[in-house]
Number of protein chains: 2
Amino acid sequence: MDSHENDKPARRPTLSQVARIAGVSEITASRALRNGSVVAKATRARVEKAARALNYVPNRLAGTLAGGASRQVGVILPSLSNIVFADVLKGLEARLEDDGYHPILGISHYDPKREEQLLRDLLMWRPAGLVLAPAQMTEATRSLLGAADMPIVEVMDIDRPVTDMAVGFSHHTAGRAMAHFLVGRGYRKFAYLGHDISTDFRALARLDGFREGLAEIGVALSETRIMQGPSSVLLGKQGIEALLRDASERPEAVFFSNDDMAVGAVFHCQGAGIANPDDLALAGFNGLSIGQALPTPLTTIASNREEIGFAAADSIVQKLRGLAPQSVRRIDFRLVPGATA
Amino acid sequence: MDSHENDKPARRPTLSQVARIAGVSEITASRALRNGSVVAKATRARVEKAARALNYVPNRLAGTLAGGASRQVGVILPSLSNIVFADVLKGLEARLEDDGYHPILGISHYDPKREEQLLRDLLMWRPAGLVLAPAQMTEATRSLLGAADMPIVEVMDIDRPVTDMAVGFSHHTAGRAMAHFLVGRGYRKFAYLGHDISTDFRALARLDGFREGLAEIGVALSETRIMQGPSSVLLGKQGIEALLRDASERPEAVFFSNDDMAVGAVFHCQGAGIANPDDLALAGFNGLSIGQALPTPLTTIASNREEIGFAAADSIVQKLRGLAPQSVRRIDFRLVPGATA
DNA sequence: GTGAAAGCGCTAACAC
DNA sequence: GTGTTAGCGCTTTCAC
């Protein structure tokens, strides 16, 4: 039977045992096992041999408590349901791992209260740094962050005031850019189709920017439709169908909250015999590979999500090394003119 | 300036300070702040007030070192590049969070050596449990797992011998099931199109099962094509194009390593005027929503990835509570007859 | 219901 | 180059 259920201690080997076998003091063993310390070559060899013989695995809880810096970084993301935040996490993990750090993860589900609780939980582990893609922070969250004496990066968005550092781009500007692009293509009658936006303020910022971009040319958004629930290909498909059914006059171009939604619309149009972009122009957001592999590649805005994660982790690591990375790093979006608008 | 760069201690408040303010001993404060201990109601209130006043955040490193159980669970996944393992992680995180646990994450990139190193790293944090979706384990990995005195779950796959527990399904059986289904639909000339499979032994198991399923009916796979690189929609698109170009005789049905690849093929067929399934039948694997939203929904096998993650975390948590969950939990696949085969 | 003492496994600081 | 001492912040005994 496994002994983790009850039974006696059966502890893992400790540094003290390694030291005894190697015939040195604990601290010498400690120095030998970490790099960068001055230890006689022969001593180091003896200690390493003893450690190997015992299958010694250092206890970082003890090490960190005793004064070593933690090698954990708290990461709080709002969702893992689409590939967007998985990409960010991928970039984060890659950069952190390069320096021997590991993410402790929490998913807030776009819930500020849950985000606050997660932050509290992760802080108990005394991480070396913190990465968040915050939704709307609570007052307590803000205060916890203010008191947290460690590098903190907010990712995805650089519009809001920064606690410590931020890595991302302006979603408002991205929305505006798409407005300008579509107007440039000659469209004048616009609709917006989004998923439940109350929770996703970055999508809301893009919509705002889109509206503003249109307004600058004297054009107004003729319809804004918000679907219930999280974004998905299916939701976009249903949404565009409903929008076209209900519209008194068909829009020339539709801007979607993201690519998932837009791809759903492409599928609907294929089935319904609506030609893109001639009958209806479609534009998404995110630059997902699925959109680019379509027979008619999606017009969209690419966000460099993995790079954002990578840069965020890099900022943390740099600051921990005593360097001073820029407090705001812009990893800008890129307009991808496809074949659908 | 931030004080995490140098400067003086500036430590966080400790339990000792909370105790002093509340006018009790450390241990009483400790008991008051954890639930389940006998403390006078009034005392608890005083301690909680003091803790709040100080913005006290318990130090779990110290707590765990002193004998409390860790609330971290090590998670090693091979990839975050497609939604598959992000789904697993989502399920894991959800169940872990329910009991106050948090995942520490490592991504192995399907590299056994890297997996081993990650395991070593995560073990240093003395997690309460371990979840892996192992590729081919090294000898050292196996030995580390054997010596790790904690619940361990291997996810995704239940074909291999189990270290402690496993949650998933048989990929071999899934491949066989697809073979039987396609034969049942009347196809007799089959091709397989996969991504670089050397690293992904689960895809390989499906291929084996597919071959075996065909062999049972006396049919052989007439072509097996492996594309270089990780799977993607684009790779599937390029792959099917090349396969059809080079084939002396067009297959009736193609089985893909996964849905991404298969969707790429659907897109190619749309562009090339090849009717699915009449000119060519296509079948994928995973049951991604993108495939189901296609104008012609993809024939595929759905894997319940989020549920697998959830069940894996549940097994860990149960075992930590002293219960004895089944050592193998099958979260079976489901054949999804679509419109492409 | 509360407390005193001891120690978890390690490292910083200061010797020598 | 190596060792001694003194903690890090908490929880586990075992008392009372």
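Per chain, numbering begins at 1; letters A, B, ... match sequence-line order.
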Quiz item: Heavy atoms, side chains only, cut-off 4.5 Å: are A/Ile316 and A/Leu320 in contact?
Solution: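 A/Ile316 vs A/Leu320: side chains touch.
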Distance (rounded to the nearest 0.5 Å) between [X] [atom1] and [Y] [atom2]:
X        : Y        : atom1 : atom2 : answer
B/Leu122 : A/Arg60  : CG    : CZ    : 10.5 Å
B/Asp157 : B/Arg202 : CG    : CZ    : 6.0 Å
B/Glu93  : A/Leu105 : CD    : CG    : 5.5 Å
B/Thr28  : B/Leu33  : OG1   : CG    : 11.5 Å
B/Glu154 : B/Asp159 : CD    : CG    : 12.0 Å

Calculate the interatomic distance between [X] atom [atom1] and [N] atom [atom2]; express it in whole Å.
X        : N      : atom1 : atom2 : result
B/Arg12  : D/dC10 : CZ    : P     : 11 Å
B/Leu15  : C/dG3  : CG    : P     : 12 Å
A/Arg46  : D/dG1  : CZ    : C1'   : 12 Å
B/Trp125 : C/dG9  : CH2   : P     : 16 Å
A/Leu61  : C/dC8  : CG    : C1'   : 10 Å

Quiz item: Side chain of A/Arg46, backbone of A/Ala22: donor and acceptor closer than 3.5 Å?
Solution: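 Yes: the side chain of A/Arg46 pairs with the backbone of A/Ala22.
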Self-check item: Interface residues of residues 52-60 of chain A with DNA chain C (non-hydrogen, below 4.0 angstrom)
Solution: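 Residues of residues 52-60 of chain A that come under 4.0 Å of DNA chain C are, in numerical order, A/Tyr56, A/Pro58, A/Asn59.
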Check this one for me: any side-chain N or O of [X] less than 4.0 Å away from OP1 or OP2 of [N]?
X       : N      : result
B/Arg34 : D/dT12 : yes
B/Arg11 : D/dG9  : yes
A/Ser30 : C/dC10 : no

Quiz item: Reading nucleotides 2-7 of chain D from the 5' end, what letters show protein touch, with B for base, S for backbone sugar-phosphate only, - for no heavy atom under 4.0 Å?
Solution: BBB--B
Quiz item: When the C1' atoms of the five terminal pairs at each end define the local axes, what inter-axis angle does the helix from C/dG1-D/dC16 to C/dC16-D/dG1 show, to 10 degrees?
Solution: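 Between the first-five-pair axis and the last-five-pair axis there is 30°.
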Quiz prompt | Sidechain N-carboxylate O distance under 4.0 Å for A/Asp164, A/Lys319 | solution =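 So A/Asp164 pairs with A/Lys319 through a salt bridge.
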Quiz item: Salt bridge or not for A/Asp99 and A/Arg321, using N-O below 4.0 Å?
Solution: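 Counted as a salt bridge, because a side-chain N and a carboxylate O are separated by less than 4.0 Å.
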Quiz item: Should we say atom CZ of A/Arg330 is surrounded by more than 12 heavy atoms from elsewhere, each under 6.0 Å from it?
Solution: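 Not more than 12 within 6.0 Å, no.
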Exercise. Give the intermediate values and the outcome of salt bridge (charged side-chain N to carboxylate O under 4.0 Å, His left out) for residues A/Asp121 and B/Arg71.
Key: CA-CA 10 Å; A/Asp121 285 357; B/Arg71 296 242 153 206; over 6 Å; no
